[in-house]
Protein chains: 2
Amino acid sequence: MARKSLVGVVADELLDRIISGEFPPGSSVPGELELSARHDVSRMTVREAMKTLEAQRILSVERGRGTFVNPLNRWSSLEAVLRAASEGQNGPAAAVQLIELRRMLETGACELAAQRITDDELDGLRNCVADMRKAHQANNVASFVAADLAFHDQILHASENVFVAVLFEPLHRVLEKGRTETSKVPDIQEHAIGHHQNIFEALAARDPRQARNAMDAHMQQTLDDLRSYVLEA
Amino acid sequence: MARKSLVGVVADELLDRIISGEFPPGSSVPGELELSARHDVSRMTVREAMKTLEAQRILSVERGRGTFVNPLNRWSSLEAVLRAASEGQNGPAAAVQLIELRRMLETGACELAAQRITDDELDGLRNCVADMRKAHQANNVASFVAADLAFHDQILHASENVFVAVLFEPLHRVLEKGRTETSKVPDIQEHAIGHHQNIFEALAARDPRQARNAMDAHMQQTLDDLRSYVLEA
DNA sequence: ATTTGTCAGATGTCAGACATCTTGCGTCTG
DNA sequence: CAGACGCAAGATGTCTGACATCTGACAAAT
């Protein structure tokens, strides 16, 4: 499944070589002709692969001079930075930093949502929590995770901030797997239900500070869960 | 200066047409041949322009079917989303949302930095505040803004979180102009110096909560400044 | 009615060519 | 000898035309 196009393959391999340190930031990557020979593709294919990396600000192309690797803090692709940061022994550290980032965005969005949430959205949240309870009693992990994600999505939407949603989207994909893992434990499910209930009540009261604190507690517990899993693995 | 390449022009124009609503999310954009005729460029140029938009998850290309516009919340380019959100009457609202986002990231980073900042980095912050004072007395707006930005950059770096830095970088560029405007007012400069001094002291005390509150107050003031400017304009 | 063949249209890839920009090196001049 | 000039090598930018492959729909055969 998902046979990748050649340009995708070339882009991935080149990014791998960059991340592995073969082409450190500031240095130049091989010319288009050399790369097309190495990967046995045409120059156009190499160019299109380069364009995708350039669009993510991983490469800077300078006409007549060559193509250069940007410093990591200029990259605009969370996924690429994640791949780079997860190299070697930094995997766990990167995971923790991701949770930290998620915590900033979710607590902030929750605080905003408390001031802007509509009654309809509150109803939606109430249903999400109810679904989580049902799924918990029915021992249905998939439904539980779905309701969990829907809850957070609803809050994100209620924050009425497009940019937060945009920044959060890539995180969503990355964190999805880990979430399904931790949610398998019944105890963690119960804790999560309690936290979500608290968040809901704070939002229903339209109290920004309380909403923020409730979400913060939830994030803190998620971080603790992750630490436990990383330690035991 | 900065004569853009053809593919940049084509990509910009196509993005403009998307943002203007000519191609709403879910719909398809014209085929490569049609676009190459419209813009009077070759098909390869159109393809490379498409590739840049695809890399930013603005477009989804499906072989044999066509190229489709993704919903706005899937876009991974803050700048593109900003352009889309600023259309029509939404300019001020988008600006406020940007500040809200910045607030989340900066307060979060500041809280983290309080736990991790080194003595050297504290010295750097002290120097930044001193530079702001000097620039204020010398009435040098450019130096003032530079020291201001350096201060925030230092905190971002001290947070030791790569992802926050990555997400913040595009914000940096967007907010730079507005910052130079508000910093022209002497009163605002004085307020800013006070806030930065408070932030520095909280970080020096390595007190996360206090650091967060200090940065939050600073962000709140920035938001108020912006509102005043938007109202009077 | 279901299957199969075919075709139009879209994207994917290739090859070769020419244009333009940057840089360094050699040469010509003062 | 120093500086200006010019030229060629190497890199990216663009164009042209062609062929390959995938998708979806319609028509023909079973």
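Scope of the values below: all heavy atoms of this structure, side chains included, with no hydrogens, waters or symmetry mates. Here is the naming used below: chain letters follow the sequence lines, and residue numbers restart at 1 for every chain.
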Quick one: [X] [atom1] to [N] [atom2], roughly how many Å, whole number?
X	N	atom1	atom2	result
A:Leu59	D:dG13	CG	P	12 Å
A:Asp40	C:dG12	CG	P	20 Å
B:Met50	D:dT14	CE	P	16 Å
B:Leu6	C:dC21	CG	P	12 Å
A:Phe68	D:dA11	CZ	P	11 Å
B:Glu62	D:dC22	CD	C1'	12 Å
A:Glu54	D:dG13	CD	P	7 Å
A:Leu33	C:dC14	CG	C1'	14 Å

D:dG13 base / A:Arg43 side chain donor-acceptor hit below 3.5 Å: yes
Sidechain-backbone polar pair: A:Ser143 side chain, A:Asn140 backbone, donor-acceptor under 3.5 Å: no
A:Asn73 side-chain N/O to B:Val166 backbone N/O, donor-acceptor pair under 3.5 Å: no
Under-4.0 Å salt bridge between A:Asp12 and A:Arg83: yes
Under-4.0 Å salt bridge between B:Glu54 and B:Lys51: yes
First encountered from the 5' end of DNA chain C, between B:Met44 and B:Pro30: B:Pro30
Residue whose closest nucleotide on DNA chain C lies nearer the 5' end, A:Gly64 versus B:Gly31: B:Gly31
Presence of [X] side-chain N/O under 4.0 Å of [N] phosphate oxygens OP1/OP2:
X	N	result
A:Ser5	C:dT11	no
A:Arg47	D:dT12	no
B:Arg65	D:dC22	no
A:Thr45	C:dC14	yes

Pair B:His152 + B:His196: ring centers closer than 6.0 Å: yes
Minimum-distance nucleotide (side-chain atoms of B:Ser42 versus D:dT12, D:dT14, C:dT11): D:dT14
Proximity to the side chain of B:Arg63 - top-ranked nucleotide from C:dT20, C:dT11, D:dT14: C:dT11
